[in-house]
Amino acid sequence: MPELPEVETIVRDLRPLLIERHFTHLTLSDQALRQPWQPEWSAQVLGGAIQSIRRRGKWMILNLASGRRLVVHLGMTGQLTVTSSALPLEDHTHLVFTLDGGLEQLRYRDIRRFGGITLYADEATTEAFLNDTLGPEPFDLNPATFQHGVQATARCLKAVLLDQHIVAGVGNIYADESLHTACLHPSQLGRATTSAECVRLQSAIVEVLTRAIERRGSSIRNYVGGSGLRGGYQEEFRAYGRTGQPCPRCDTAIEVVRLAGRSSHYCPRCQRTAS
DNA sequence: ACAGGATCCTGGGGGC
DNA sequence: TGCCCCCAGGATCCTG
């Protein structure tokens, strides 16, 4: 999916387009999403203004004046965009929220249907769900908490970074990029990782995500921002998707290995497992 | 308890 | 050209 930088970009794009606006109409596709939209929600989202929009991990939360929350996850191929109502609906568009005035729509499109939109009744139930699902945000991660999360497990670092309870928002791309920046091998075990390496890894995560947000995220295939613009961070990849190409640090060919069910790209020379 | 694999979907690319 | 297999930015459930 869109990982943290992509979701952050979408949230920033959508804010000026959606704040103080409200939905007047909603249409659904006949294909079920992983988290199916419940029929009774349709009437509940109409009429009340959108007061704020924020990101938590890879999730987006739209606060409605009624107190209800629209909670969005994009799965692997989700797109949430505001477009002119006059534009034809693209294939795989599953929810269309028409905005007041009727000229624009908020559209949720998701080819693989791994994502979805859920309506929560109030702030308390929304926060309970998010805090149960997610660990801390990378930008306010307590170093001791992170170190404990890494060192307490027998999983490899790649799996640790993909675990949303350890740090929220990192996915396959930014896990590979962070490990490369930190000079750590993706298959190194969490419990074999030193405290100094944890510090290095944490700074690498922050550095990589910050730069990726500046570039509006990475567009590999389906990702677009809230206004349909693509991202540019894919031009700065050091490891992800660069199998056989030279490591920008040492020129060694990048290799790929399958870990935690995901392809993991790394430099065999400058990302050596600690011995 | 924990780690790894299978699974939910569709589409695109490579190999034959 | 066509077909088949594998792969893809994620999260959850099941198994050993």
Side-chain angles (χ1 to χ4, degrees), chain A residues 1-10 29-36 55-60 71-80 90-94 108-118 129-135 138 148-180 186-192 205 208-209 212-213 215-226 230-244 256-265:
Chain A
M1 108 164 188
E3 305 179 28
L4 185 152
E6 291 75 33
V7 177
E8 179 65 28
T9 300
I10 295 168
S29 77
D30 52 10
Q31 289 190 299
L33 295 162
R34 200 88 189 275
Q35 288 282 321
R55 178 195 59 73
R56 175 84 169 84
K58 303 173 193 174
W59 299 78
M60 277 179 276
V71 178
V72 184
H73 195 288
L74 301 173
M76 294 272 262
T77 53
Q79 300 175 340
L80 193 65
E90 290 188 271
D91 286 348
H92 310 291
T93 300
H94 300 293
Y108 180 71
R109 177 173 187 245
D110 187 351
I111 294 168
R112 290 172 71 182
R113 285 187 275 143
F114 284 3
I117 304 185
T118 303
F129 164 73
L130 292 172
N131 290 329
D132 191 47
T133 308
L134 302 172
H148 178 264
V150 172
Q151 295 177 337
T153 181
R155 291 131 88 207
C156 63
L157 291 179
K158 178 60 179 278
V160 170
L161 290 185
L162 294 178
D163 183 345
Q164 301 300 296
H165 294 276
I166 306 282
V167 53
V170 176
N172 206 36
I173 292 178
Y174 299 106
D176 282 5
E177 293 300 301
S178 299
L179 288 166
H180 182 274
S187 66
Q188 177 170 317
L189 298 188
R191 65 184 179 200
I205 293 167
V208 163
L209 294 177
I213 291 170
R215 295 297 311 270
R216 296 182 47 85
S218 309
S219 287
I220 311 282
R221 296 179 179 79
N222 301 291
Y223 162 71
V224 293
R230 290 168 57 85
Y233 190 71
Q234 67 279 2
E235 294 162 14
E236 300 186 20
F237 287 166
R238 301 169 173 90
Y240 180 81
R242 296 190 65 251
T243 310
V256 63
V257 65
R258 201 142 187 98
L259 290 172
R262 321 296 300 279
S263 61
S264 304
H265 310 77

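Keep in mind that the numbers below use all heavy atoms, side chains included, and drop hydrogens, waters and symmetry copies. Reminder, nothing fancy here: chain letters follow the sequence lines and each chain counts from 1.
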Using nucleotides 3-7 of chain B, report all nitrogen or oxygen pairs with the protein that are shorter than 3.5 Å.
residue: B:dA3; atom: OP1; partner: A:T153; partner atom: OG1; Å: 2.7
residue: B:dA3; atom: OP1; partner: A:A154; partner atom: N; Å: 2.8

Can you tabulate the close N/O pairs, meaning under 3.5 Å, that link protein atoms to atoms of nucleotides 10-12 of chain B?
residue: B:dT10; atom: OP1; partner: A:R113; partner atom: NH2; Å: 2.7
residue: B:dT10; atom: O3'; partner: A:H92; partner atom: NE2; Å: 3.4
residue: B:dG11; atom: OP1; partner: A:H92; partner atom: NE2; Å: 2.8

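Checked against side-chain contact (heavy atoms from CB on, under 4.5 Å), A:R113 has the following partners two or more places apart in sequence or in another chain: A:Q31, A:L33, A:H94. With sequence neighbours excluded, the residues that form a side-chain contact (heavy atoms from CB on, under 4.5 Å) with A:Q35 are A:T118.
Rounded to an integer number of Å, the gap from A:N172 CG to C:dA8 P is 8 Å. One atom, CZ of A:F114, and another, P of C:dG9, lie 11 Å apart when rounded to the nearest Å. Distance, A:Y174 OH to C:dG9 C1': 9 Å, rounded to whole Å. Rounded to whole Å, the distance from CD on A:Q35 to P on B:dC8 is 16 Å. One atom, CD1 of A:I220, and another, P of C:dC7, lie 17 Å apart when rounded to the nearest Å. Atom CG in A:L4 sits roughly 13 Å away from atom C1' in C:dG9 (whole-Å rounding). Per the geometry, CD belonging to A:E3 stands 8 Å off P belonging to C:dG9, to the nearest Å. Here C:dC6 presents its C1' atom at 15 Å from CZ of A:R262, a figure rounded to the nearest Å.
Checking A:Y174 against A:E6 by side-chain atom types alone, a donor-acceptor pair falls below 3.5 Å.
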Test salt bridge (Lys or Arg N to Asp or Glu O under 4.0 Å) on A:R238 and A:D176; report intermediate values, then the result. CA-CA 9 Å; A:R238 301 169 173 90; A:D176 282 5; over 6 Å; no

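Partner A:H73 forms a ring pair (Phe, Tyr, Trp, His ring centres under 6.0 Å) with one of A:F129, A:F114, A:W59 and no other, that one being A:W59.
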Pair assignment for DNA chain C - dot-bracket with | for other-strand partners, Watson-Crick or G-U under 3.5 Å: .|||||||.|||||||

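When the P atom is used for both B:dG11 and C:dA11, the distance is 22 Å, rounded to whole Å.
Listed by first and then second residue, the salt bridge (Lys or Arg N to Asp or Glu O under 4.0 Å) pairs that reach into residues 163-172 of chain A are A:R155-A:D163, sequence neighbours excluded.
Using a 4.0 Å cut-off, no side-chain N or O of A:T77 falls inside it from OP1 or OP2 of B:dC9. Listed pair A:Y240 / C:dG9 meets the phosphate criterion, a side-chain N or O lying under 4.0 Å from OP1 or OP2.
Between atom NE2 of residue A:H165 and atom OG1 of residue A:T133 there is a gap of 6.5 Å, rounded to the nearest 0.5 Å.
Minimum heavy-atom separation, A:K58 to A:L4: CG-N, 4.2 Å. The shortest heavy-atom contact between A:S263 and A:R258 is N-NH1, 3.7 Å. The minimum heavy-atom distance between A:L80 and A:I10, with the atom names listed, is O-CG2, 3.8 Å. Of all non-hydrogen atoms in A:L259 and A:S264, the two that sit nearest each other are CB-OG, 3.7 Å.
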